[in-house]
Chemist: 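I'd like to ask some things about the structure below.
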Protein chains: 2
Amino acid sequence: MRYTLAELTERAQHLLKALTERYIRDGQPVGSRVLARDVGLNLSPATIRNVIADLEELGLVRSPHTSAGRVPTVSGYRVFVDTLLSVKPLELSLVGTMKESLGSGVDTKELVQKASSLLSDVTRLAGIVTLPRRNHAALERVEFLPLSEKKVLAVLVLNNKEVRNSILHTARSYSSAELQQFSNFLNAQFAGKELSEVREKLLSELRETRETLDRMMATALEMADQVLGTAEQGSDYVLAGQTNLMGVTEFCDVGRLRQLFEAFNEKKELLGLLDQCVENEGVQIFIGDESGYQMLDECSLVTAPYSVEGKVIGVLGVIGPTRMAYERVIPIVDATARILRAALNSQD
Amino acid sequence: MRYTLAELTERAQHLLKALTERYIRDGQPVGSRVLARDVGLNLSPATIRNVIADLEELGLVRSPHTSAGRVPTVSGYRVFVDTLLSVKPLELSLVGTMKESLGSGVDTKELVQKASSLLSDVTRLAGIVTLPRRNHAALERVEFLPLSEKKVLAVLVLNNKEVRNSILHTARSYSSAELQQFSNFLNAQFAGKELSEVREKLLSELRETRETLDRMMATALEMADQVLGTAEQGSDYVLAGQTNLMGVTEFCDVGRLRQLFEAFNEKKELLGLLDQCVENEGVQIFIGDESGYQMLDECSLVTAPYSVEGKVIGVLGVIGPTRMAYERVIPIVDATARILRAALNSQD
DNA sequence: CTTTAGCAGTCTCGCTCGGCGAGTGCTAAC
DNA sequence: GTTAGCACTCGCCGAGCGAGACTGCTAAAG
């Protein structure tokens with residue numbers, strides 16, 4: 001008898017579920033005997049074996065070697081998390097504790113770090129949170145301060161929350177009064193607009209102004225352009241609890257572990273992966289090498305986007321072995337995304 | 001025959017040196033046979049054995065088990081690095097490359113990160129650099145900007161180089177003009193003074209002013225106090241190249257490795273250790289558990305302080321297995337300290 | 001047609017055992 | 001003081017073996 005994925009017998013589903021859960025719990029190949037006792041159905045090991053053989057043919061489970069039990073394959077996990085998993089809601093008390101531990105962060109970066117630690121603490125795996133990309137942040141105001149000969153400090157205030165500053169090296173010195181004029185001019189023009197918009201407008205104005213030869217305006221615009229150029233914060237993430245992964249039996253091999261940690265340092269690849277999650281709403285899961293990055297072999301990544309004012313500005317998640325307690329990790333990631341969003345929104 | 005540490009035979013010294021160097025190279029206990037061939041002196045293994053036996057009695061070497069060669073003990077390493085080691089000067093070309101790779105960092109933090117990476121890249125071990133503690137930094141100026149209702153952005157410029165900002169939550173709103181007044185007042189009073197001095201003076205003025213009931217001054221001073229309180233950056237360090245340690249054979253045990261990495265995350269203890277190096281000039285070395293922190297068992301720490309304008313403001317160094325190539329690491333750490341100092345000083 | 005018992009076969013794991021090689025410490029001779 | 005010789009001690013490694021765990025197949029039972 002032959003099933004397609006869509007029409008797995010109820011029994012087969014049941015067994016795949018039991019097998020996966022058991023394997024996640026114990027980490028050891030599970031055989032027909034234990035499965036027979038574990039699952040509610042009153043079946044003999046022999047019967048179980050028949051069904052399991054079918055599952056193996058479908059590529060959902062495999063045995064590490066003859067005469068060991070079976071373990072789920074990547075496809076097996078996929079089916080498990082997509083259709084078989086019953087996610088238990090989080091205990092309210094835990095959610096409370098989580099909220100608290102994130103609670104009072106004022107600084108955005110601090111919040112992100114706390115969220116990452118939170119994820120790793122609660123799941124006992126590695127937590128990862130991207131820094132918010134506020135492309136849509138509104139420019140609140142710009143301020144220029146003279147520092148010294150030919151050096152000007154530019155202060156950018158975004159959304160009343162975030163502050164970025166950068167030091168500009170200018171061709172000549174500017175007086176306080178001059179800089180004040182620049183600030184006023186720019187604030188009048190751009191305050192309240194989105195950064196991307198500001199940038200665009202800036203360039204067009206710059207072109208226009210060059211023709212009219214208004215020195216002051218041109219200089220101001222040039223300065224602003226410089227600031228925006230440098231202030232574009234390279235997207236990045238904060239990782240926490242890497243050491244938790246060292247306790248995981250799957251990574252007892254140092255070479256394996258090293259590969260993983262080097263992937264963490266690379267950042268680029270992992271960021272690419274995380275970026276894919278920005279679009280999809282809700283929790284998303286990458287299992288094993290599904291991601292295409294073989295450094296994440298034997299790893300799973302559970303992610304959720306987080307947003308502020310309705311716009312997704314980042315992704316957070318958990319990295320752990322494929323054999324992780326999904327039914328627990330998923331609601332935790334989900335909850336953390338909500339908590340972080342709340343914290344960011346209530347930031348005053 | 002019995003030596004005290006001070007009066008090791010020339011021959012004994014020679015042998016200890018050869019043994020240590022050999023062990024550092026190969027990582028395996030070295031026996032009398034290889035030692036006899038290795039060292040210039042024309043001696044038979046039997047003779048070597050006699051001398052080595054004396055070294056063992058002094059606690060400078062030990063054998064992991066009967067009938068394996070000898071390895072240096074912590075004391076052995078100590079004697080080795082203190083009196084036997086001949087440090088070869090660094091190739092100029094390497095110094096050049098190092099300078100370059102650090103070269104153009106404008107931001108202090110960026111420089112520190114680059115220095116850390118540099119150390120780890122060149123030594124193939126873990127690099128560590130503390131963030132500069134600029135207790136003696138001069139306060140260049142203070143600026144307050146109104147953000148919104150009851151929120152004020154304070155910008156601190158130090159030494160014409162570093163900028164710190166913090167957001168203050170105030171009891172009532174302040175107008176631009178008011179804040180401008182505060183800034184002017186504070187700048188007139190404190191600009192150019194050292195931070196610690198500013199703080200001190202601030203407190204006394206605050207007390208005095210309360211009596212004269214000058215509202216404006218009092219508020220300004222209070223604000224300044226708040227800023228200084230928050231701006232005190234918690235001392236911290238930047239680590240790089242931890243993954244290099246995973247290649248080291250000494251740390252092939254995951255448990256061991258985990259302990260080490262958790263020590264890195266703790267930060268406090270390691271910082272305490274690094275602080276000890278601030279006082280001593282030049283390169284300093286902690287071998288194995290000499291530091292008192294047993295998480296650094298089997299590790300050595302090679303450090304050097306770095307300074308700006310004659311004042312030591314931080315420490316940098318390398319963490320690796322006790323069995324590291326000291327004669328190479330030491331000059332690298334030394335050079336990096338000088339290069340970082342130069343880079344920080346030339347920061348304009 | 002489904003389910004089950006029984007059985008032979010296969011593979012891993014952990015254990016012991018013995019040989020090998022390396023290196024020491026001692027003693028006696030140079 | 002130096003050296004050769006020798007007995008002895010270990011750690012390492014591979015072979016061999018038994019136990020245990022499952023499977024897949026076949027044939028009988030429901």
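Lettering of chains follows the sequences in order, A, B, ..., and the numbering in each one begins at 1.
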Chemist: Taking atom C1' of dC13(C) as reference, at what distance in whole Å does atom NE2 of His65(A) sit?
Modeler: 9 Å
Chemist: For the CZ atom of Phe264(B) and the OG1 atom of Thr243(A), what is their distance to the nearest 0.5 Å?
Modeler: 12.0 Å
Chemist: Given atom CZ of Arg22(A) and atom P of dC22(D), what is their separation to the nearest angstrom?
Modeler: 10 Å
Chemist: In whole angstroms, how far is the P atom of dG24(D) from the CG atom of Leu55(A)?
Modeler: 12 Å
Chemist: Can a donor-acceptor pair under 3.5 Å be found between the side-chain atoms of Arg33(B) and the base atoms of dG23(C)?
Modeler: no
Chemist: How would you label the contact of Ser32(A) with the nucleic acid (heavy atoms, under 4.0 Å): base, sugar-phosphate, or nothing?
Modeler: sugar-phosphate
Chemist: Looking only at side-chain N and O atoms, does Thr47(A) come under 4.0 Å of OP1 or OP2 in dT4(C)?
Modeler: yes
Chemist: Calculate, to the nearest 0.5 Å, the distance between atoms CD1 and OH belonging to Ile285(B) and Tyr326(B) respectively.
Modeler: 7.0 Å
Chemist: So, is Arg11(B) near the phosphate of dT2(D), with a side-chain N or O under 4.0 Å from OP1 or OP2?
Modeler: yes
Chemist: dT3(C) P sits how many Å from Leu35(A) CG, rounded?
Modeler: 15 Å
Chemist: Heavy-atom count check: over 12 atoms from other residues, nucleotides or ligands less than 6.0 Å from Glu10(B) CD?
Modeler: no
Chemist: For atom CZ of Arg124(A), decide whether the heavy atoms of other residues, nucleotides or ligands shown that lie under 6.0 angstrom number more than 12.
Modeler: no
Chemist: Rounded to whole Å, how long is the line connecting atom CG of Asn50(A) with atom P of dG24(D)?
Modeler: 9 Å
Chemist: What is the distance from atom OG of Ser32(A) to atom CG of Asp38(A), rounded to the nearest 0.5 Å?
Modeler: 12.5 Å
Chemist: Can you check whether Thr66(A) has a side-chain N or O nearer than 4.0 Å to OP1 or OP2 of dT10(C)?
Modeler: no
Chemist: Assuming nearest nucleotide by heavy-atom distance, tell me which of Val34(A) and Ala46(A) is located more 5' along DNA chain D.
Modeler: Val34(A)
Chemist: I need the CD1-C1' distance between Ile52(A) and dT23(D), as an integer number of Å.
Modeler: 12 Å
Chemist: Over all strands shown, is Leu43(B) touching base, sugar-phosphate only, or nothing at heavy-atom distances under 4.0 angstrom?
Modeler: sugar-phosphate
Chemist: Could you check how far CD of Glu10(B) sits from P of dG1(D), rounded to whole Å?
Modeler: 17 Å
Chemist: Between Ser67(A) and Arg70(A), which is nearer to the 5' end of DNA chain D once each is assigned its nearest nucleotide?
Modeler: Ser67(A)
Chemist: Measure CZ/Arg49(A) against P/dG6(C) and give the value in whole Å, please.
Modeler: 12 Å
